[in-house]
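Structure first, commentary second.
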Amino acid sequence: MNDRRAKTAILILAVAIVTLFHFLIPTAPHTYHKLHIVLRKLYFLPPVVAAAWFGLRGAAVVTALISVAFVAHALLDWPGNYMEQANQLGELVGFWVVGLLPGWLFDRRRVLMESLARANEETLLALVSALDMREKNTRLHSQRVREYTLLLAARFGVKEKERRVIALGALLHDVGKIAVPDHILLKPSGLSEDEWREMRRHPGEGYRLLRRIGFLEAAAEIVHAHHEHYDGTGYPRGLRGEEIPLGARLFMVADVFDALTSERPYHRAMGYEEAARVIRGKRGSHFDPAVVTTFDAIRAEEWEEVRKHYTEPKGNALAECPPAIL
(Lines give C-alpha, C1' and ligand atoms only; values in the text may rest on other atoms or scores of the structure.)
Protein backbone atom coordinates (compact mmCIF):
# COMPACT_ATOMS: atom_id res chain seq x y z
CA MET A 1 0.00 0.00 0.00
CA ASN A 2 2.80 2.44 0.88
CA ASP A 3 4.56 1.63 -2.39
CA ARG A 4 1.35 2.36 -4.31
CA ARG A 5 0.92 5.69 -2.55
CA ALA A 6 4.53 6.65 -3.27
CA LYS A 7 4.11 5.88 -6.96
CA THR A 8 0.86 7.88 -7.08
CA ALA A 9 2.59 10.85 -5.43
CA ILE A 10 5.46 10.69 -7.93
CA LEU A 11 3.06 10.73 -10.88
CA ILE A 12 1.02 13.63 -9.50
CA LEU A 13 4.19 15.59 -8.80
CA ALA A 14 5.54 14.94 -12.32
CA VAL A 15 2.30 16.04 -13.97
CA ALA A 16 2.12 19.13 -11.72
CA ILE A 17 5.71 20.21 -12.48
CA VAL A 18 5.37 19.83 -16.26
CA THR A 19 1.99 21.60 -16.24
CA LEU A 20 3.30 24.44 -14.06
CA PHE A 21 6.22 25.16 -16.35
CA HIS A 22 3.96 24.80 -19.39
CA PHE A 23 1.63 27.50 -18.09
CA LEU A 24 4.22 29.86 -16.59
CA ILE A 25 6.65 30.03 -19.51
CA PRO A 26 5.45 32.44 -22.22
CA THR A 27 5.01 31.17 -25.77
CA ALA A 28 7.05 33.97 -27.30
CA PRO A 29 9.75 34.68 -28.35
CA HIS A 30 10.81 31.75 -30.52
CA THR A 31 13.28 30.38 -27.91
CA TYR A 32 10.45 29.97 -25.43
CA HIS A 33 8.30 28.36 -28.10
CA LYS A 34 10.95 25.67 -28.57
CA LEU A 35 10.95 25.12 -24.81
CA HIS A 36 7.17 24.64 -24.96
CA ILE A 37 7.63 21.95 -27.60
CA VAL A 38 10.03 20.12 -25.24
CA LEU A 39 7.57 20.41 -22.36
CA ARG A 40 4.78 18.99 -24.52
CA LYS A 41 6.95 15.93 -25.22
CA LEU A 42 7.47 15.44 -21.48
CA TYR A 43 3.70 14.93 -21.15
CA PHE A 44 4.16 11.57 -22.86
CA LEU A 45 6.16 10.21 -19.92
CA PRO A 46 3.53 10.09 -17.09
CA PRO A 47 0.98 8.00 -19.06
CA VAL A 48 3.63 5.40 -19.90
CA VAL A 49 4.85 5.24 -16.29
CA ALA A 50 1.24 5.04 -15.05
CA ALA A 51 0.59 2.18 -17.47
CA ALA A 52 3.60 0.26 -16.13
CA TRP A 53 2.71 0.87 -12.48
CA PHE A 54 -1.09 0.77 -12.50
CA GLY A 55 -2.19 -0.74 -15.81
CA LEU A 56 -4.92 0.52 -18.13
CA ARG A 57 -7.02 2.23 -15.45
CA GLY A 58 -4.08 4.18 -14.04
CA ALA A 59 -2.94 5.20 -17.50
CA ALA A 60 -6.44 6.44 -18.36
CA VAL A 61 -6.67 8.58 -15.20
CA VAL A 62 -3.25 10.17 -15.70
CA THR A 63 -3.86 10.78 -19.41
CA ALA A 64 -7.20 12.42 -18.58
CA LEU A 65 -5.46 14.79 -16.13
CA ILE A 66 -2.86 15.68 -18.74
CA SER A 67 -5.53 16.20 -21.38
CA VAL A 68 -7.42 18.72 -19.25
CA ALA A 69 -4.26 20.73 -18.57
CA PHE A 70 -3.06 20.47 -22.17
CA VAL A 71 -6.37 21.56 -23.72
CA ALA A 72 -6.68 24.45 -21.25
CA HIS A 73 -3.21 25.68 -22.22
CA ALA A 74 -3.98 25.39 -25.93
CA LEU A 75 -7.18 27.45 -25.59
CA LEU A 76 -5.66 30.10 -23.29
CA ASP A 77 -2.27 30.64 -24.94
CA TRP A 78 -3.18 30.02 -28.58
CA PRO A 79 -6.60 31.64 -29.04
CA GLY A 80 -7.57 31.83 -32.69
CA ASN A 81 -4.36 30.06 -33.84
CA TYR A 82 -6.11 27.06 -35.33
CA MET A 83 -2.97 25.64 -36.95
CA GLU A 84 -1.19 25.46 -33.59
CA GLN A 85 -4.30 24.12 -31.89
CA ALA A 86 -4.64 21.42 -34.58
CA ASN A 87 -0.98 20.49 -34.05
CA GLN A 88 -1.55 20.20 -30.31
CA LEU A 89 -4.71 18.17 -30.90
CA GLY A 90 -2.53 15.62 -32.71
CA GLU A 91 -0.23 15.47 -29.69
CA LEU A 92 -3.27 15.02 -27.44
CA VAL A 93 -4.32 11.96 -29.43
CA GLY A 94 -0.75 10.70 -29.07
CA PHE A 95 -0.99 10.95 -25.28
CA TRP A 96 -3.99 8.62 -25.28
CA VAL A 97 -2.39 6.13 -27.66
CA VAL A 98 0.87 6.11 -25.68
CA GLY A 99 -1.03 5.74 -22.40
CA LEU A 100 -3.83 3.29 -23.19
CA LEU A 101 -2.00 0.83 -25.42
CA PRO A 102 0.83 0.10 -22.93
CA GLY A 103 -1.75 0.06 -20.13
CA TRP A 104 -3.70 -2.67 -21.89
CA LEU A 105 -0.49 -4.59 -22.62
CA PHE A 106 0.73 -4.32 -19.01
CA ASP A 107 -2.67 -5.51 -17.74
CA ARG A 108 -2.54 -8.46 -20.11
CA ARG A 109 1.00 -9.26 -19.00
CA ARG A 110 -0.06 -9.05 -15.34
CA VAL A 111 -2.93 -11.48 -15.92
CA LEU A 112 -0.61 -13.92 -17.70
CA MET A 113 1.98 -13.67 -14.91
CA GLU A 114 -0.67 -14.28 -12.25
CA SER A 115 -1.90 -17.29 -14.19
CA LEU A 116 1.65 -18.63 -14.43
CA ALA A 117 2.18 -18.03 -10.70
CA ARG A 118 -1.00 -19.98 -9.88
CA ALA A 119 0.11 -22.82 -12.13
CA ASN A 120 3.52 -22.88 -10.41
CA GLU A 121 1.89 -22.89 -6.98
CA GLU A 122 -0.48 -25.72 -7.93
CA THR A 123 2.47 -27.73 -9.25
CA LEU A 124 4.44 -27.17 -6.03
CA LEU A 125 1.40 -28.07 -3.90
CA ALA A 126 0.99 -31.31 -5.84
CA LEU A 127 4.68 -32.09 -5.33
CA VAL A 128 4.68 -31.49 -1.57
CA SER A 129 1.41 -33.39 -1.15
CA ALA A 130 2.99 -36.39 -2.86
CA LEU A 131 6.06 -36.08 -0.64
CA ASP A 132 3.95 -35.82 2.52
CA MET A 133 1.94 -38.89 1.59
CA ARG A 134 5.09 -40.83 0.69
CA GLU A 135 6.33 -40.20 4.22
CA LYS A 136 2.92 -41.15 5.62
CA ASN A 137 2.11 -37.55 6.52
CA THR A 138 -1.27 -35.92 6.11
CA ARG A 139 -1.63 -34.28 2.73
CA LEU A 140 -1.89 -30.80 4.28
CA HIS A 141 1.15 -31.02 6.58
CA SER A 142 3.47 -28.83 4.48
CA GLN A 143 0.75 -26.29 3.75
CA ARG A 144 -0.09 -26.01 7.44
CA VAL A 145 3.55 -25.46 8.38
CA ARG A 146 3.84 -22.85 5.65
CA GLU A 147 0.89 -20.92 7.10
CA TYR A 148 2.28 -21.18 10.64
CA THR A 149 5.60 -19.81 9.36
CA LEU A 150 3.89 -16.96 7.51
CA LEU A 151 1.95 -16.03 10.65
CA LEU A 152 5.21 -15.82 12.56
CA ALA A 153 6.93 -13.88 9.77
CA ALA A 154 4.14 -11.30 9.56
CA ARG A 155 4.26 -10.66 13.33
CA PHE A 156 8.06 -10.57 13.22
CA GLY A 157 7.80 -7.65 10.79
CA VAL A 158 9.12 -9.41 7.69
CA LYS A 159 8.32 -7.52 4.47
CA GLU A 160 5.91 -9.01 1.97
CA LYS A 161 8.54 -9.77 -0.68
CA GLU A 162 10.66 -11.75 1.80
CA ARG A 163 7.55 -13.50 3.16
CA ARG A 164 6.89 -14.93 -0.31
CA VAL A 165 10.37 -16.48 -0.31
CA ILE A 166 9.88 -17.82 3.21
CA ALA A 167 6.53 -19.34 2.20
CA LEU A 168 8.18 -21.26 -0.62
CA GLY A 169 11.01 -22.44 1.63
CA ALA A 170 8.56 -23.64 4.30
CA LEU A 171 6.38 -25.40 1.76
CA LEU A 172 9.33 -27.22 0.16
CA HIS A 173 11.36 -27.85 3.32
CA ASP A 174 11.45 -31.63 2.91
CA VAL A 175 11.81 -31.83 -0.88
CA GLY A 176 15.30 -33.32 -0.41
CA LYS A 177 13.73 -36.49 1.02
CA ILE A 178 13.16 -37.52 -2.59
CA ALA A 179 16.76 -38.72 -2.36
CA VAL A 180 16.19 -40.76 0.84
CA PRO A 181 15.52 -44.48 0.16
CA ASP A 182 12.12 -45.81 1.22
CA HIS A 183 13.60 -48.42 3.55
CA ILE A 184 15.07 -45.57 5.63
CA LEU A 185 12.34 -42.96 5.23
CA LEU A 186 9.52 -45.38 6.07
CA LYS A 187 11.33 -47.48 8.65
CA PRO A 188 8.92 -47.94 11.60
CA SER A 189 11.67 -48.49 14.19
CA GLY A 190 14.67 -46.36 15.18
CA LEU A 191 17.36 -45.59 12.63
CA SER A 192 20.94 -46.77 12.85
CA GLU A 193 23.80 -44.27 12.81
CA ASP A 194 24.41 -44.93 9.10
CA GLU A 195 20.70 -44.48 8.37
CA TRP A 196 20.62 -41.21 10.29
CA ARG A 197 23.64 -40.06 8.30
CA GLU A 198 21.69 -40.78 5.11
CA MET A 199 18.57 -39.05 6.44
CA ARG A 200 20.52 -35.94 7.39
CA ARG A 201 21.57 -35.48 3.78
CA HIS A 202 18.08 -34.31 2.80
CA PRO A 203 18.50 -30.55 3.50
CA GLY A 204 21.55 -30.47 1.24
CA GLU A 205 19.83 -32.54 -1.44
CA GLY A 206 16.83 -30.21 -1.34
CA TYR A 207 19.11 -27.20 -1.66
CA ARG A 208 20.95 -28.66 -4.66
CA LEU A 209 17.64 -29.42 -6.34
CA LEU A 210 15.97 -26.03 -5.80
CA ARG A 211 18.91 -23.69 -6.39
CA ARG A 212 18.85 -24.63 -10.09
CA ILE A 213 15.35 -23.15 -10.43
CA GLY A 214 15.47 -19.36 -10.73
CA PHE A 215 12.41 -18.38 -8.71
CA LEU A 216 13.24 -20.95 -5.98
CA GLU A 217 16.91 -20.02 -5.55
CA ALA A 218 16.33 -17.87 -2.45
CA ALA A 219 13.92 -20.42 -0.95
CA ALA A 220 16.63 -23.06 -1.37
CA GLU A 221 18.66 -21.32 1.36
CA ILE A 222 15.80 -21.88 3.83
CA VAL A 223 15.48 -25.52 2.80
CA HIS A 224 19.24 -25.96 3.31
CA ALA A 225 19.09 -24.54 6.86
CA HIS A 226 15.76 -25.82 8.19
CA HIS A 227 17.43 -28.35 10.57
CA GLU A 228 20.07 -25.96 11.92
CA HIS A 229 19.86 -25.07 15.63
CA TYR A 230 20.40 -21.62 17.08
CA ASP A 231 23.22 -22.92 19.33
CA GLY A 232 25.06 -24.52 16.40
CA THR A 233 24.19 -28.16 17.18
CA GLY A 234 22.00 -28.69 14.10
CA TYR A 235 22.82 -30.02 10.65
CA PRO A 236 24.04 -30.16 7.90
CA ARG A 237 26.49 -27.25 8.40
CA GLY A 238 26.28 -26.50 12.13
CA LEU A 239 25.26 -22.88 11.57
CA ARG A 240 24.85 -20.76 14.68
CA GLY A 241 22.67 -17.75 15.57
CA GLU A 242 22.10 -15.27 12.77
CA GLU A 243 24.21 -17.35 10.40
CA ILE A 244 20.95 -19.25 9.96
CA PRO A 245 18.63 -17.47 7.47
CA LEU A 246 15.72 -15.73 9.20
CA GLY A 247 13.20 -17.77 7.23
CA ALA A 248 14.71 -21.00 8.56
CA ARG A 249 14.70 -19.67 12.15
CA LEU A 250 11.00 -18.84 11.83
CA PHE A 251 10.24 -22.16 10.17
CA MET A 252 11.89 -24.22 12.94
CA VAL A 253 9.49 -22.89 15.57
CA ALA A 254 6.48 -23.36 13.28
CA ASP A 255 7.52 -26.91 12.36
CA VAL A 256 8.01 -28.05 15.95
CA PHE A 257 4.76 -26.41 17.02
CA ASP A 258 2.98 -28.37 14.28
CA ALA A 259 4.67 -31.62 15.35
CA LEU A 260 3.70 -31.11 18.99
CA THR A 261 0.07 -30.19 18.31
CA SER A 262 -0.61 -32.98 15.78
CA GLU A 263 -1.69 -36.54 16.55
CA ARG A 264 1.20 -38.97 16.05
CA PRO A 265 1.57 -42.70 16.72
CA TYR A 266 4.25 -41.94 19.32
CA HIS A 267 2.47 -39.10 21.19
CA ARG A 268 -0.90 -37.48 21.63
CA ALA A 269 -1.55 -34.00 20.26
CA MET A 270 -0.57 -31.38 22.83
CA GLY A 271 -2.66 -28.32 23.57
CA TYR A 272 -1.31 -24.84 22.90
CA GLU A 273 -0.04 -24.16 26.42
CA GLU A 274 1.84 -27.45 26.69
CA ALA A 275 3.41 -27.06 23.26
CA ALA A 276 4.32 -23.45 24.04
CA ARG A 277 6.16 -24.57 27.20
CA VAL A 278 8.22 -27.03 25.18
CA ILE A 279 9.14 -24.33 22.67
CA ARG A 280 10.04 -21.85 25.41
CA GLY A 281 12.27 -24.52 26.94
CA LYS A 282 14.31 -24.61 23.73
CA ARG A 283 14.75 -20.82 23.55
CA GLY A 284 18.38 -20.09 22.76
CA SER A 285 19.27 -23.74 22.06
CA HIS A 286 17.09 -24.93 19.18
CA PHE A 287 15.32 -21.61 18.59
CA ASP A 288 16.13 -17.95 18.08
CA PRO A 289 14.98 -16.20 21.31
CA ALA A 290 13.48 -13.31 19.30
CA VAL A 291 11.36 -15.74 17.27
CA VAL A 292 10.14 -17.46 20.46
CA THR A 293 9.16 -14.04 21.82
CA THR A 294 7.15 -13.40 18.67
CA PHE A 295 5.57 -16.85 18.97
CA ASP A 296 4.48 -16.04 22.53
CA ALA A 297 2.85 -12.80 21.37
CA ILE A 298 0.46 -14.63 19.01
CA ARG A 299 -2.81 -15.72 20.62
CA ALA A 300 -3.64 -19.43 20.81
CA GLU A 301 -6.85 -18.78 18.85
CA GLU A 302 -4.85 -17.58 15.84
CA TRP A 303 -2.79 -20.76 15.74
CA GLU A 304 -5.96 -22.81 16.11
CA GLU A 305 -7.61 -21.01 13.20
CA VAL A 306 -4.74 -22.01 10.90
CA ARG A 307 -4.75 -25.59 12.20
CA LYS A 308 -8.48 -26.03 11.56
CA HIS A 309 -8.19 -24.68 8.03
CA TYR A 310 -5.35 -27.08 7.16
CA THR A 311 -6.51 -30.26 8.90
CA GLU A 312 -8.09 -33.17 7.04
CA PRO A 313 -10.91 -35.31 8.40
CA LYS A 314 -9.62 -38.02 10.73
CA GLY A 315 -10.43 -40.73 8.24
CA ASN A 316 -7.88 -39.26 5.81
CA ALA A 317 -5.06 -38.74 8.30
CA LEU A 318 -2.00 -40.95 8.00
CA ALA A 319 0.73 -41.57 10.55
CA GLU A 320 3.76 -39.29 10.53
CA CYS A 321 7.37 -40.10 11.31
CA PRO A 322 8.87 -38.40 14.39
CA PRO A 323 10.71 -35.13 13.64
CA ALA A 324 14.47 -35.35 14.09
CA ILE A 325 14.57 -31.95 15.81
CA LEU A 326 12.80 -33.37 18.86
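Excluded from the calculations below are hydrogen atoms, water molecules and symmetry mates; all remaining heavy atoms, backbone and side chain alike, are included. What you see is a predicted model; the values in this text were computed from it and never measured.
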Closest non-hydrogen atom pair between P47 and V62, with its separation: N-CG1, 4.0 Å
Contact check, side chains of R283 and F287, non-hydrogen atoms, under 4.5 Å: no
D296 bridged to R280 by N-O distance under 4.0 Å: yes
Heavy-atom closest pair, residues T149 and A254: OG1-CB, 3.3 Å
Flag if over 12 foreign heavy atoms under 6.0 Å of CZ, F21: no
Carboxylate-amine/guanidinium proximity below 4.0 Å for K41 and E91: yes
Electrostatic pair E147-R144, nearest N-O below 4.0 angstrom: no
For the student: nearest non-hydrogen atoms of Y43 and A69, plus distance: OH-CB, 4.3 Å
Check: V15 and V18 side chains under 4.5 Å, non-hydrogen atoms: no
E242 atom CD, over 12 foreign heavy atoms within 6.0 Å: no
Whether F257 and F295 hold their rings parallel, tilted or perpendicular, with breakpoints at 30° and 60°: perpendicular
Test log, rule ring-ring contact (aromatic ring centres under 6.0 Å, His included), inputs H173 and H141: CA-CA 11 Å; H173 65 278; H141 162 70; 5.8 Å; yes
Heavy-atom closest pair, residues T63 and G99: OG1-CA, 4.1 Å
Full working for ring-ring contact (aromatic ring centres under 6.0 Å, His included) between Y230 and H286: CA-CA 5 Å; Y230 195 73; H286 283 70; over 10 Å; no
Polar side-chain atom of R146 near backbone of A170 as donor-acceptor pair, under 3.5 Å: no
F156: which of I166, L151, L246 passes side chain to side chain contact (heavy atoms under 4.5 Å, CB included): L246
E305 atom CD, over 12 foreign heavy atoms within 6.0 Å: no
Y235 and H227 aromatic ring geometry - parallel, tilted or perpendicular at 30°/60° bounds: parallel
Donor + acceptor pair across side chains of T261, W303 (<3.5 Å): no
Heavy atoms from other residues, nucleotides or ligands near CZ of R110 exceed 12 (cutoff 6.0 Å): yes
Non-hydrogen side-chain atoms of F70 and T19 separated by less than 4.5 Å: no
Side chain to side chain contact (heavy atoms under 4.5 Å, CB included) involving S192 - partner list, sequence neighbours excluded: D194, E195
Note: R299-E302 ion pair, threshold 4.0 Å (strictly below): yes
Between H226 and H202, ring centroids under 6.0 Å: yes
D258 side chain to V145 backbone, donor-acceptor under 3.5 Å: no
For I222 against V165, the heavy-atom pair lying closest together: CD1-O, 3.9 Å
Side chain proximity check, E160 to R164, heavy atoms < 4.5 angstrom: yes
Lys/Arg N to Asp/Glu carboxylate O, R201 vs E198, below 4.0 Å: yes
Nearest atoms (heavy-atom pairs only) where I184 meets L191: O-CD2, 3.7 Å
